[in-house]
Enquirer: 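Below is one structure. I have some questions about it.
Keep in mind that what you see is a predicted model, and the values were worked out from it rather than measured. Sequence lines set the chain letters: A, B, ... in the order given, protein chains first and strands last, and positions in each chain run from 1.
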2 protein chains.
Amino acid sequence: MDESPPATRIPDPPSPGPVRRPGGRSAQVRRRVLDAVTALLVEQGYDALTVDAVADRSGVHRTTVYRRWRDVGGLLAGVLAEATGEDWRPRDTGSLDGDLVAINREVHEALTGDPPLTGALIAASFRSPPAAEALRAFWADRYDRCAVVVHRAVARGEVPAGTDARALLVAATAPVYHELLLLRSGADAALAQRAARAAALAAAAGAFVPV
Amino acid sequence: MDESPPATRIPDPPSPGPVRRPGGRSAQVRRRVLDAVTALLVEQGYDALTVDAVADRSGVHRTTVYRRWRDVGGLLAGVLAEATGEDWRPRDTGSLDGDLVAINREVHEALTGDPPLTGALIAASFRSPPAAEALRAFWADRYDRCAVVVHRAVARGEVPAGTDARALLVAATAPVYHELLLLRSGADAALAQRAARAAALAAAAGAFVPV
DNA sequence: TCCTTAACGCGACAACTGTTGCTGTAGGAT
DNA sequence: ATCCTACAGCAACAGTTGTCGCGTTAAGGA
């Protein structure tokens, strides 16, 4: 719209992720802010998690938080990024059924655990681009890592070769998300087992082999 | 906390649902507001749907909207309640597989259709009690009505007696919700079919019969 | 017809969101 | 030691959310 380059210094949007001065003030700010987020989440829950509250609690200025994290979703994304183990792998229980149940138990835990980080992130993701992107990346990574349980099952002859790993994994896990997040039924841990078993059965019958 | 009853009139929370004076001003207000909600949703999308915008558009005062619907989620809940056909029934295609596919197509449509009422409601439900409750009730009703497809399948001998209808229906539909709402993959209509087929297969194998 | 009162209109308010232009400060390279 | 610059602090702003007390209107019964 305006042709003239701004005479004043552009406020420059800094990067939330890789800090360019890793040992310095920025890193301290990051620490204090993310700590404040988790503390608030634990003590007062998602509803109390406002940018202002985080700024107050951390002693970092409002503006700085907005510039580096953009909104509450961005803050949660930051916490998730930090909490995500780079070396996570699905358990190997020796059977597809067992592997899927183990995965589903983790999902169930993540969705019901305290602090409600995952739930809060999902809620935020509907309004916050940073949160949506963080979740997308997180799930993409997890589903990729989980594909190995399907490969193992194929190797064992439990399911036909050509089984679509992602489709099978989604079929196994989706009911847990659905019951807990959308239907909000007080689903117990048994659901994790039932859903995993059903998916394993369908997979064995060749339901996830593309024509 | 305070012992003395308030000297002034209590602002009284009116009921959004059953209007006590059905022919009068309240009913007109309701009409104008809900019409404004759908109009805004169609024309400008969910993000533009603010209480203020609805109030302006409808000519009803802000305060009145807040009092009767509480928040944006409440407004969406009102529209859903009105749009929900009291006589909805799942199609009867003659096979469990076909019935589930038909249901899943409707789910897919609801989640991708325009206006994005369902999607908006789900997004809102994470922050708005009225929206959450409206969805819960809506889904409870729909899953109840859909149970008949399972009963028919049992009668036809497609699945064992004792099959848990709700569990089967959740297994069939959850992947569609999961892909479209949470994973936000651009899932096509084929997903509806795949998910339904997998659930039907698992059901035939007895995956949804409680021990 | 009049009276009661549920429900709407109005203005003010506090809190949170998100942005902008500027100044201040400390890391890290030279 | 000194400069450069990325980043933090600051103050002010406009917009949205949600609430409150009070005055006003009109629906529906007596």
Enquirer: Regarding D:dC10, can its base be found pairing with the side chain of A:Thr63 as donor and acceptor, where the two atoms are less than 3.5 Å apart?
Expert: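 When only heavy-atom distances are counted, A:Thr63 does reach the base of D:dC10 through a donor-acceptor pair under 3.5 Å.
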Enquirer: Ignoring hydrogens and angles, write down the donor-acceptor pairs under 3.5 Å from the side chains of residues 80-88 of chain B, residues two or more places apart or on other chains.
Expert:
| from | atom 1 | to | atom 2 | distance (Å) |
| --- | --- | --- | --- | --- |
| B:Glu82 | OE1 | B:Arg31 | NH2 | 3.4 |
| B:Glu82 | OE2 | B:Arg31 | NH1 | 2.9 |
| B:Thr84 | OG1 | B:Leu80 | O | 2.7 |
| B:Trp88 | NE1 | B:Glu106 | OE1 | 3.2 |

Enquirer: Which class fits the ring pair B:Phe126 and A:Phe126: parallel under 30°, tilted 30 to 60°, perpendicular over 60°?
Expert: parallel
Enquirer: Provide the closest heavy-atom pair for A:Ala48 versus A:Ala53 in the form atom of the first, atom of the second, distance.
Expert: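 Answer, listing the atom of A:Ala48 first, then A:Ala53: O-CB, 3.8 Å.
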Enquirer: How bent is the helix from C:dT1-D:dA30 to C:dT30-D:dA1, comparing axes over its five end pairs at each side, to the nearest 10°?
Expert: 20°
Enquirer: Atom pairs under 3.5 Å, N or O on each side, protein against nucleotides 14-18 of chain D: can you list them with distances?
Expert:
| from | atom 1 | to | atom 2 | distance (Å) |
| --- | --- | --- | --- | --- |
| D:dG18 | N7 | B:Arg62 | NH2 | 3.2 |
| D:dG18 | O6 | B:Arg62 | NH2 | 2.9 |

Enquirer: Taking atom P of C:dG18 as reference, at what distance in whole Å does atom CG of A:Leu75 sit?
Expert: 11 Å
Enquirer: Report the C-alpha separation of B:Arg184 and A:Glu133 in whole Å, then their side-chain angles, then the decisive distance to 0.1 Å, and conclude whether the salt bridge (Lys or Arg N to Asp or Glu O under 4.0 Å) test is met.
Expert: CA-CA 10 Å; B:Arg184 286 183 179 81; A:Glu133 172 52 25; over 6 Å; no
Enquirer: Please answer whether the main-chain N or O of B:Ala187 pairs with a side-chain N or O of B:His108 as donor and acceptor at a distance below 3.5 Å.
Expert: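 Yes; at least one donor-acceptor contact below 3.5 Å.
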Enquirer: Quick one: A:Gln28 CD to C:dT25 C1', roughly how many Å, whole number?
Expert: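 Checked: the CD to C1' distance equals 13 Å.
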Enquirer: CG of A:Asp47 versus P of C:dT17: gap in Å, rounded?
Expert: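 After rounding, the reported distance stands at 12 Å.
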Enquirer: Could you check how far CZ of A:Arg25 sits from P of C:dG27, rounded to whole Å?
Expert: 7 Å
Enquirer: Can you tell me the distance, in whole Å, between the CZ atom of B:Arg68 and the C1' atom of D:dT19?
Expert: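 Atom-to-atom, B:Arg68 to D:dT19, this comes out as 18 Å.
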Enquirer: Verify, without hydrogens or angle tests, whether B:Thr64 (side chain) and B:Val60 (backbone) share a donor-acceptor contact under 3.5 angstrom.
Expert: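 Checking the backbone N and O of B:Val60 against the side chain of B:Thr64, no donor-acceptor pair under 3.5 Å is found.
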Enquirer: Do A:Glu179 and A:Arg194 sit within salt-bridge range, that is, some charged N less than 4.0 Å from a carboxylate O?
Expert: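 So A:Glu179 does not pair with A:Arg194 through a salt bridge.
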Enquirer: Among D:dG9, C:dG9, C:dA7, which nucleotide sits nearest the side chain of B:Arg32?
Expert: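 Of the options given, the side chain of B:Arg32 lies nearest C:dG9.
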Enquirer: Can you see which heavy atom on B:Pro90 is nearest to which on B:Arg152, and at what distance?
Expert: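 Heavy-atom minimum between the residues: O-NH2, 4.3 Å.
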Enquirer: Are more than 12 heavy atoms from other residues, nucleotides or ligands located less than 6.0 Å from atom CZ of B:Arg91?
Expert: no
Enquirer: Of all the nucleotides listed (C:dC8, C:dG9, D:dA8), which has the minimum atom distance to the side chain of B:His61?
Expert: C:dG9
Enquirer: Calculate the interatomic distance between A:Asp56 atom CG and D:dG9 atom C1'; express it in whole Å.
Expert: 14 Å
Enquirer: Can you say whether a donor on the side chain of B:Arg67 sits under 3.5 Å from an acceptor on the base of D:dT19, or the other way round?
Expert: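 Per atom types, no contact qualifies.
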Enquirer: Does a nitrogen or oxygen in the side chain of B:Ser26 sit under 4.0 Å from OP1 or OP2 of C:dA7?
Expert: no
Enquirer: Can you tell me the distance, in whole Å, between the CH2 atom of A:Trp69 and the P atom of D:dC7?
Expert: 12 Å
